[in-house]
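Lettering of chains follows the sequences in order, A, B, ..., and the numbering in each one begins at 1. Computed over heavy atoms, backbone and side chain alike; hydrogens, waters and symmetry mates excluded.
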Amino acid sequence: MGVLVDRNTKVIVQGITGHQGSFHAGQMMKFGTKVVAGISPGKSGTKFQDTVPIVDSVADAMSFSPDATMISVPAPFVKDAAFEAIDQRIKLIYILTEHVPFHDSMELISEARNRGLTVIGPNGPGITVPFECKIGIMPNQIFKEGDVAVASRSGTLTYEIVESLTRNGMGQSAVIGLGGDPVVGMNYIDVLKLYEADPKTKKIVLVGEIGGNNEELAAKYIKEHITKKVVAYITGRSAPPGKRMGHAGAIIEKGVGTAESKIKAFNEAGVKVADYPTDVPGLLK
Amino acid sequence: MNLYEYMGKDIFRKNGLPVPEGYVVEKQSDLKEYRKPVVVKSQILLGGRGKSGGIKFAKSGEELKSAVNELIGSKVRGLAVTKVLVEEMLNIQHEYYVSITLSREHRAPILIASASGGVEIESVPQKEIFTRVIDPLIGYSDYIGREASKFMNLKPEIASQFRAILKSLYRTFIEEDCELVEINPLVETKEGKLIAADAKVIIDNDALYRHKEFSITDPEKTPLELEAQAKGYSFIELDGKIGVIANGAGLTMATLDALTLHNGKPRNFLDLGGTDNVEIVANAFDLVLKADPKAILINIFGGVTKADTVAKGIVEAKKRFNISKPIVVRLSGFNEDEGRKILSENKIETYPTMMEAVERVVKVAGGA
């Protein structure tokens, strides 16, 4: 098995008939992901792209034995959709949606963790294991199979870094986007544990940004528990304090969450920090 | 969203938290008959009001009138005062601190309390601060209040009031979708009552759709930032001279960082988000042009966003706004070849990597 998913992972899509849901379900299928059913209340009996059955509820989708779900519904409906998946004990729940109230995220993530289920996101690009399975919105064309695993809080910046790895002949074993919100299902430490245990992964890239102390905690964990080589990139060095830099989680408050603090923590843990995204492949060598 | 003190206190009152008797005044005719000493507090969304002369005391009807006169229409910490809160003066015996906020690390609410209140919590020694993560699935229960009261050495008659306050404060935090509820100071009066003398409430912006009663213009946003917000763009004004349009918050931040490392200063942060709409791209130029940059850098990595759509948007904007300033474009990802072709047909410079584009734009903008 790859990190969390592999070529046999059966995926359902909650919100498959929406603008984003349908586009990305199609891209996931092109990547090779096994999309076994889509959920769109009131549209059961129809098919997505003439092949994938559409059903009314997650309960109805259980006959396809899904291992994972992608939730792509508007923010006010995310909590309900996630509870529906949690109630059916779907092992991996990825939430694409942006602007989910963090109180909703807090509640649904606690419920999921209590049952031993994994949540990725909200507001992140998902998970990709080239070329076994992609759940999420990362562009198909940037990947190459290999031994570098990437963990990131950002979307497009992740693509930038993955593409630069690929261009330098460094393939990826797994790429996970944690999400840009203050409350997300997986933090760096959760992902680092998976990467350390994954036999295919030899090196790890951690892409961080300003806000919170997730990166500092990760640096401490790397120092104590990670044997594989880790390289980091931190964005937001030039961000003024008190301003939310697009992501709800990217804000320097009362001096906490600065890029300097994160870079210092990584340096102290023996992790090299790239100045530019394109410097990452060089530091991995 | 930051709420004014009087709004925070309305919410507190609604949730059963004890607050001083008081009322809001916008003009002299709003004043009620003077009965007892009052404090007159400017309603602005910045701290440090007391030190900046934004809080006055009145011990007669005349003093009350003149305090209101002086404060309304004045500026406190650079912000215009349009409202004051007139409240009964409390007989202060002691000042405590209490707040509930989000612990990102634990993905859960965290209670922070101290017997040393009335000052900024950052200045209180760590050993005097009680912190307790609250399991969101359990919520607040009195055992947490007992732990806190013991730590703070509260007398039994104060501890029981304190527990009731924590219960209501937690309910407020949850029901109103708060990022922060803070009472500082929480006053113990000489009469032995706990009262919330101040209220700081921040509501999660993403939850405002279920709290339509709050509508506040963020005083820290510039007019252009407010215009961008109304149009749905994530936009921040900065003090450099290179306009920036990029997609995705992380990549936009990385673009600003790269400019800064190349001694080029960004004029703004603008995250286009994921779009396949030409108009959204063109309108982003309208905002950046209003910030009057020396040159404009576009950095797009197309995943959800299609590079050819962005290219069409750039061409459209150049025509519509008759842009003569240098435009430097980096375009990669989905449909990049089509996108670059459209730009080169329209004589707009494109570069395949972010670094080349950053170097180029710093050069055409004339350095820092």
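The contact between A/R153 and chain B is made entirely by side chain atoms (from C-beta outward), counting heavy-atom distances below 4.5 Å. Looking at A/I234, the atoms closer than 4.5 Å to chain B (heavy atoms on both sides) all sit in the backbone: N, CA, C or O. For a residue to count as touching a neighbouring chain, one of its non-hydrogen atoms must lie under 4.5 Å from one of that chain's; by this rule A/N214 does not touch chain B. Contacts between A/P277 and chain B at a heavy-atom distance below 4.5 Å involve the side chain alone, from C-beta outward. At a 4.5 Å heavy-atom cutoff, the contact between B/L256 and chain A is made by backbone and side-chain atoms alike. Only the side chain of B/T260 comes within contact range of chain A, judged by heavy atoms closer than 4.5 Å. Contacts between B/P109 and chain A at a heavy-atom distance below 4.5 Å involve backbone atoms as well as side-chain atoms. The contact between A/Q141 and chain B is made entirely by side chain atoms (from C-beta outward), counting heavy-atom distances below 4.5 Å. Both the backbone and the side chain of A/P76 come within contact range of chain B, each with at least one heavy atom under 4.5 Å from a heavy atom of that chain. The contact between A/S154 and chain B is made entirely by side chain atoms (from C-beta outward), counting heavy-atom distances below 4.5 Å. Only the side chain of B/E225 comes within contact range of chain A, with heavy atoms under 4.5 Å apart. Neither the backbone nor the side chain of A/N140 comes within contact range of chain B, judged by heavy atoms closer than 4.5 Å. With a 4.5 Å cut-off on non-hydrogen atoms, A/S110 touches chain B through its backbone and its side chain both. B/L137 touches chain A through its side chain: at least one heavy atom from C-beta onward sits under 4.5 Å away, while N, CA, C and O do not. The contact between B/I174 and chain A is made by backbone and side chain atoms together, counting heavy-atom distances below 4.5 Å. Of the atoms belonging to A/V100, it is backbone heavy atoms, and not side-chain ones, that fall under 4.5 Å from chain B.
Summarising the local packing, NZ of A/K264 is surrounded by 12 or fewer heavy atoms from other residues, nucleotides or ligands at distances under 6.0 Å. In B/E279, the CD atom is crowded: over 12 heavy atoms of neighbouring residues, nucleotides or ligands sit closer than 6.0 Å. Surrounding NZ of A/K243 are more than 12 heavy atoms belonging to other residues, nucleotides or ligands, all under 6.0 Å away.
Listed options A/E163, A/E107, A/M138, A/Q27 were ranked by heavy-atom pairs under 4.5 angstrom with chain B; first place goes to A/E163. Heavy-atom pairs under 4.5 Å with chain B peak, among A/G236, A/P139, A/P101, at A/P101. Per-residue heavy-atom pair counts under 4.5 Å with chain B were compared for A/G211, A/G155, A/S105, and the maximum is reached by A/G211. Between chain A and the residues B/R107, B/E220, B/M253, the most heavy-atom pairs under 4.5 angstrom are made by B/R107. Between chain B and the residues A/N187, A/N213, A/I161, the largest count of heavy-atom pairs under 4.5 Å involves A/N187. Annotation: maximal heavy-atom pairing with chain A below 4.5 Å, among B/F334, B/Y209, B/F301, occurs at B/F301. Counting heavy-atom pairs under 4.5 Å between each of A/T278, A/L157, A/I109 and chain B puts A/L157 at the top. When the candidates B/A207, B/A254, B/G302, B/G333 are compared by the number of heavy-atom contacts under 4.5 Å with chain A, B/A254 comes out ahead. Highest contact tally toward chain B, considering only A/H99, A/R244, A/K254, A/E111, is held by A/H99 [criterion: heavy-atom pairs under 4.5 Å].
Salt-bridge formation is detected for the pair A/K262/A/E215: a Lys NZ or Arg NE/NH1/NH2 atom is positioned less than 4.0 Å from an Asp or Glu carboxylate oxygen. With salt bridges taken as basic N to acidic carboxylate O contacts below 4.0 Å, one links B/R340 and B/E336.
Side-chain rings of B/H262 and A/Y276 approach one another, their centers coming within less than 6.0 Å. Ring pair A/F31/A/F131: centre-to-centre distance below 6.0 Å. A/H103 has its ring centre less than 6.0 Å from the ring centre of B/F173.
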Take B/S168 and B/Y170, measure what side-chain hydrogen bond (donor to acceptor under 3.5 Å, both in side chains) needs, and give me the verdict at the end. CA-CA 5 Å; B/S168 299; B/Y170 187 78; over 6 Å; no
